[in-house]
Amino acid sequence: MTNPLLSDWTTPFEIAPFDLIEDAHFGPAFADALEAHNAEIAAIAGNPEAPTFANTVEALEAAGGALDKVLSVFFTVAGADSNPAREALQRDFSPKMAAHFAAISSNKALFARLAELWARRDDLGLSAEQARVLMLTHRGFVRSGAALEGLEEARMGEIKGRLATLGTEFMQNLLADERAWFMELGEDDLDGLPDFAVEAMRAAGAEKGAAGPVVTTGRSIITPFLQFSTRRDLREKAYQAFVARGANGNANDNRANAGEVLALRQERAQLLGYENFASYKLETEMAKTPDRVAELLEAVWQPAKARAEEDAKVLEAMMHADGINGDLEAWDWHYYAAKRRKAEHDLDEAELKPYLQLERMIEASFACANRLFGLEFAPLDVPLYHEDCRAWEVTRNGEHVAVFIGDYFARGSKRSGAWCSAMRAQARFPKVQAPVVMNVCNFAKGDPALLSYDDARTLFHEFGHALHQMLSNVTYESISGTSVARDFVELPSQLYEHWLEVPEVLQEFATHAETGEAMPAAMLEKVLGAANFDQGFQTVEYVASAMVDLAFHRGDVPADPMAKQAEVLAGLGMPKQIAMRHATPHFAHVFAGDGYSSGYYSYMWSEVMDADAFAAFEEAGGPFDPEKAKALEANILSTGGSKEAEDLYVAFRGRMPGVKALLKGRGLA
């Protein structure tokens, strides 16, 4: 029987034939694809001809196509629709992949060819894009340890393999903890909860096999529960479960895992000659050094902390007025913040939510992309990996641009959070290929599905990443789409969030689920007026997480990461009513892989730019100014990693921004 993962795909736009793919196909396909990639690498490294850009760098770009196909499908379903078989495969694949890519990066013959090209780079007649790809490829090999010898080289391979295993275990432990915990609610436990929250909790209960509604640790359920439940005892129980994920002393406990990861990262950096892991990691980012990151975070911390402390006094007074003595606690903040927002802005989440239908917000994100970039979206009927998924063909002027897949609803088989991934990235070499891009979110299911304002912002955020992939227009896949510096990659996504706040967008698409009426002008004014509400809390919980991440990676390896976390928070004077957004045992951004390690600050680094970039539209002809939209696409969205991130931003804006735009945007100036 033919393995569909290894066959040519005759599906529309050559997207994965999910209806034919079974879990049993992944293991054999992975083994075959690894073998094929090894043969391709051996042929490049052993080529008797003198190295050229074509026979070495372009040959590397073209290699591994079969492996890319297998892994793109596998990691799509492993993250968004996991099951025991897929989790077992992930544990099996991770160390094998680490060993495979470590072997490539330590291939001496291959590195020698790259080193020779690098030495002769000025004489090769390369285009600017080719020169960039050569630099990135050579640098990537050096940073992977290609120049190491003997015991150091062997140790680097061991470290990479162990880190891959630990990252997989961290994510699976977290998913298991999130799956396992839920709190059943009786009918008398629902006081204060709006209908949309109860409906989502009943759906979660049905998925868990419970008789009635349940609270889970998924943000789309626990956040409204903490906002609206009058039962302080149940809020405390749910909150404590939420912050304890990955630290429950069971088989899923991630604390020892985190400590080992930090030690291995430090050893890896020092093998390569760096003082610490943060210095190694940040060298290729816009920030360049740990000191520049710390400078940004410290500039934001003090005003954010001051605002949060002022807000805490107000919320505690509200709690005392309710007859509850003692201190405001972390499980009280969301509840009294929601009451305060209602009082100060007359904005009630339960009244707002019917106007934020998922379907209409999807339409809004598409409509903005149409007005800005001329993109059109038509539903596509193709088999996908889960019944919740939907697909659209993206075109411009009748020409195919991309396939976009949306997977919007929370379920037990999906890891928490929201993300964008490209099952296939845009490229023109070795053949022209259009991207297949996915947005994955964790919204509560409903009929119709209703979003919070934060949910709607998340939808726009992830679609901003999708646009970065869909509008990419480069030759080589290695620099396509979101293949940019980590502290630049969030710029397009965070910038796109601003279009949700454009009044005419909400006027058109924020329509009531039952009546179909547009959001009243008074409510629209309140929504926009409350945009910066509770920014002290939100900024403190984020910056604290970024500060802990940086501290973990820029000094000596902590013997006990939890003690180090506590030390950093104490040094910051962390308000006791606020927790880090991601405590160490569930800080998947940092410990489930290298992606955001030493890099959680990057959302804020990008926010400095996104506030300034949207101001460029406002200073011109408004949010849909056609010339600014063209400039954004030409200089940022289409260019991928073809130039240094700072050069791309300056080409768009004419200069780099300062932190003032961010503080003003958050209402902290």
Side-chain angles (χ1 to χ4, degrees), residues 78-80 82-84 86-88 90-91 94 162-183 204 208 214-223 225-226 236-265 330-331 410-419 442 541-542 544-553 557-569 574 578-600:
S82 191
N83 61 33
R86 291 168 187 172
E87 290 180 359
Q90 203 167 359
R91 290 191 295 272
S94 291
R162 182 63 182 151
L163 283 171
T165 297
L166 289 169
T168 298
E169 288 177 357
F170 189 98
M171 196 69 240
Q172 292 189 354
N173 288 344
L174 178 55
L175 184 59
D177 249 15
E178 290 175 340
R179 261 199 308 251
W181 189 89
F182 59 92
M183 179 173 68
K208 299 289 186 188
V214 303
V215 179
T216 69
T217 55
R219 285 186 187 270
S220 63
I221 285 182
I222 198 166
T223 299
F225 182 77
L226 293 173
E236 179 180 2
K237 184 178 178 183
Y239 178 84
Q240 297 288 20
F242 181 70
V243 297
R245 291 169 297 148
N248 286 305
N250 55 18
N252 304 322
D253 199 297
N254 272 329
R255 286 172 287 191
N257 179 307
E260 187 178 354
V261 166
L262 293 175
L264 290 171
R265 284 178 179 161
W331 48 89
R411 52 180 175 267
S413 63
K414 183 190 287 187
R415 67 177 170 90
S416 58
W419 63 94
N442 270 283
E541 64 165 6
Y542 166 78
S545 296
M547 291 279 212
V548 168
D549 168 40
L550 186 64
F552 276 157
H553 294 100
V557 178
D560 178 355
M562 299 306 291
K564 181 67 174 179
Q565 173 184 298
E567 176 192 321
V568 174
L569 296 179
M574 182 77 169
I578 306 177
M580 292 168 62
R581 183 171 298 176
H582 305 288
T584 298
H586 54 257
F587 206 163
H589 281 78
V590 170
F591 291 104
D594 257 7
Y596 283 89
S597 55
S598 299
Y600 193 63

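Here the structure is a predicted model, which is why all the values come from computation and not from measurement. The analysis underlying the following values was restricted to heavy atoms, covering all of them including side chains, and did not include hydrogens, waters or symmetry mates.
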Enquirer: N252 side chain to L174 main-chain N or O, any donor-acceptor pair under 3.5 Å?
Expert: no

Enquirer: Would you compute the distance between atom CE of M562 and atom OG1 of T584 and round it to the nearest 0.5 angstrom?
Expert: 5.5 Å

Enquirer: Output, in order, the C-alpha distance, side-chain angles, deciding distance and verdict of side chain to side chain contact (heavy atoms under 4.5 Å, CB included) for L262 and F591.
Expert: CA-CA 9 Å; L262 293 175; F591 291 104; 3.8 Å; yes

Enquirer: Considering non-hydrogen atoms only, spot the tightest contact between D549 and G599 and give its length.
Expert: OD2-N, 3.1 Å

Enquirer: Is there a side-chain contact between M580 and L569, using heavy atoms and a 4.5 Å cut-off?
Expert: yes

Enquirer: May I ask you to decide if E87's main-chain N or O and Q172's side chain share a donor-acceptor pair within less than 3.5 Å?
Expert: yes

Enquirer: Does a side chain donor of either N257 or N173 reach within less than 3.5 Å of an acceptor in the other side chain?
Expert: no

Enquirer: Mind checking the CE-CD spacing from M171 to Q90? Nearest 0.5 Å is all I need.
Expert: 9.0 Å

Enquirer: When you look at D177 and N250, which way does the side chain to side chain contact (heavy atoms under 4.5 Å, CB included) test go after all the steps?
Expert: CA-CA 9 Å; D177 249 15; N250 55 18; 3.3 Å; yes

Enquirer: Rounded to the nearest 0.5 Å, what separation is found between the CD1 atom of I222 and the OH atom of Y239?
Expert: 9.5 Å

Enquirer: Which atom pair, heavy atoms only, marks the closest approach of R179 to K208?
Expert: O-NZ, 2.8 Å

Enquirer: If we check salt bridge (Lys or Arg N to Asp or Glu O under 4.0 Å) with E178, which of these qualifies: K414, R245, R411, R415?
Expert: R245

Enquirer: Work out which heavy atom in I221 is nearest to a heavy atom in T216; give both atom names and the distance.
Expert: CG2-N, 3.7 Å

Enquirer: Please name the pair of heavy atoms, one in E541 and one in A579, separated by the smallest distance, quoted to 0.1 Å.
Expert: CB-O, 3.3 Å

Enquirer: Taking G593's backbone N and O only, do any of them form a donor-acceptor pair with S597's side chain (distance below 3.5 Å, no angle check)?
Expert: no

Enquirer: Could you give me the CA-CA distance, side-chain angles and deciding distance for V261 and L163, then say whether side chain to side chain contact (heavy atoms under 4.5 Å, CB included) is met?
Expert: CA-CA 6 Å; V261 166; L163 283 171; 4.1 Å; yes

Enquirer: Measure the spacing between NE2 of H586 and CZ of F170 and express it to the nearest 0.5 Å.
Expert: 8.5 Å

Enquirer: Looking at every non-hydrogen atom in both residues, tell me the closest pair between F552 and Q565 and how far apart they are.
Expert: CE2-N, 4.2 Å

Enquirer: CG/L226 to CZ/F242 distance, rounded to the nearest 0.5 angstrom?
Expert: 8.5 Å

Enquirer: Which pair of non-hydrogen atoms, one from A78 and one from S82, has the smallest distance, and what is that distance?
Expert: O-CB, 3.4 Å

Enquirer: Apply side chain to side chain contact (heavy atoms under 4.5 Å, CB included) to residues Y600 and R581 and explain how you reach the verdict.
Expert: CA-CA 11 Å; Y600 193 63; R581 183 171 298 176; 3.6 Å; yes

Enquirer: To the nearest 0.5 Å, tell me how far S413 OG sits from R86 CZ.
Expert: 8.0 Å

